[in-house]
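Everything on this sheet refers to the single structure shown next.
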Amino acid sequence: MRKILTRQETEVVLEPHYSKITDAISNGFGDYLKVLANLNAEGKRVVFKKGTIAGMIHDFIKARIKDAFTENDNVETKEFNRIFGVHIDGKILIRFKKINNDFTTSNIQTKQTVDFEKQYEIEGLPGKSTFLYAGYLPDATWTNIKNIYLLCKKGGNLVWQKDLTGFAEQTQISFVIPIEEQEETVVSRVKIKTTKKKITNTGT
């Protein structure tokens, strides 16, 4: 098993980038909500499966992350052996996921996923980097982000987590949205809840 950066070492590298990461996640989530709002405005009552929703949000987050770090020479944003991630300072590789209340990720448990969480060497991924997740926790209706977290796992166990919710900038979107459980739900605002400040999401 490779040497993994401590939380304190990770903070030194990532602190300047927290806002870009959280804004990309919250805005990517908002991009998905805008799609639904536009469909609804056209009278199209589309009900997406949760897996489809997560895939759409992931693609929007990817686009937002690429735009956010386009001017950073010490940051790579690309697919690493079929895993999209942001590689910072040659030390940390972050991938983006929807997460659950217990800080597990909604991955299909492939060998590569298991190896990523165990911090094993993986062909095509930066060999000397610490692997992290940046994850968003949606509410049951997928209309709000409750929290955004940075997660470090090692040996398959959660070593530490950092709540990044307070770093997301305040934005707002208004729409009417059909969802799987509540097809007639009317949502006027999308918020990220935080103890640091109230964030109205979003508009990854």
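Because only heavy atoms are used, hydrogens play no part in the values below, and waters and symmetry mates are left out as well, while side chains stay in. From a predicted model like this one, the values you see are computed outputs, not experimental measurements.
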According to a 4.5 Å side-chain heavy-atom criterion applied to Ile, Leu, Val, Met, Phe, Trp and Tyr, with indirect links allowed, do [X] and [Y] form part of one hydrophobic cluster?
X    : Y    : answer
I4   : V12  : no
L164 : V159 : yes
W160 : L14  : yes

Requested in this report: Start with the C-alpha distance between Y120 and V114, add both sets of side-chain angles, then the distance that settles side-chain contact (heavy atoms from CB on, under 4.5 Å), and finish with yes or no.
Outcome: CA-CA 9 Å; Y120 287 170; V114 172; over 6 Å; no
State, with a plain yes or no, whether a side-chain heavy atom of [X] is found less than 4.5 Å away from one of [Y].
X    : Y    : value
L137 : I145 : no
D23  : Y18  : no
F131 : C152 : no
K153 : K118 : no
K62  : F96  : no
L151 : L132 : no

How close do [X] and [Y] get, heavy atom to heavy atom, and via which atoms?
X    : Y    : answer
A54  : Y136 : CA-OH, 3.9 Å
E9   : T6   : OE1-N, 2.8 Å
P138 : K146 : O-CE, 3.7 Å

**Report entry** Ring centers of F116, Y133 separated by less than 6.0 Å
**Finding:**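 Ring centroids of F116 and Y133 are less than 6.0 Å from each other.
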Check whether any side-chain N or O of [X] sits under 3.5 Å from a backbone N or O of [Y] as a donor-acceptor pair, and report yes or no.
X   : Y    : answer
T22 : T165 : no
E42 : L39  : no
N40 : L36  : no
N27 : D31  : no

Working to the nearest 0.5 Å, report the span between [atom1] of [X] and [atom2] of [Y].
X    : Y    : atom1 : atom2 : result
W142 : F48  : CH2   : CZ    : 13.0 Å
K154 : L158 : NZ    : CG    : 13.0 Å
H17  : F167 : NE2   : CZ    : 12.5 Å
D163 : L150 : CG    : CG    : 10.5 Å
L125 : R95  : CG    : CZ    : 8.5 Å
Q161 : R7   : CD    : CZ    : 7.0 Å

Tabulate below the donor-acceptor pairs under 3.5 Å that side-chain atoms of residues 82-94 make, not counting sequence neighbours, or state none.
from: H87; atom 1: ND1; to: E76; atom 2: OE1; distance (Å): 3.1
from: H87; atom 1: NE2; to: S129; atom 2: OG; distance (Å): 2.7
from: D89; atom 1: OD1; to: N74; atom 2: ND2; distance (Å): 2.2

Query raised in the report: If you measure only the distance, is there a donor-acceptor pair under 3.5 Å linking the side chains of N81 and Q112?
Result: yes
Query raised in the report: For residues T105 and E117, is any side-chain donor paired with an opposing acceptor at under 3.5 Å?
Result: yes
Requested in this report: Return yes when atom CD of E123 has more than 12 non-hydrogen atoms of other residues, nucleotides or ligands closer than 6.0 Å, and no otherwise.
Outcome: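 It does not: E123 CD has 12 such atoms or fewer within range.
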Query raised in the report: Can you list the residues that meet the side-chain contact (heavy atoms from CB on, under 4.5 Å) rule with D102, with sequence neighbours excluded?
Result: N100, T104
Would you give me the side-chain donor-acceptor pairs under 3.5 Å for residues 65-73, sequence neighbours excluded?
from: N72; atom 1: OD1; to: K20; atom 2: NZ; distance (Å): 2.9

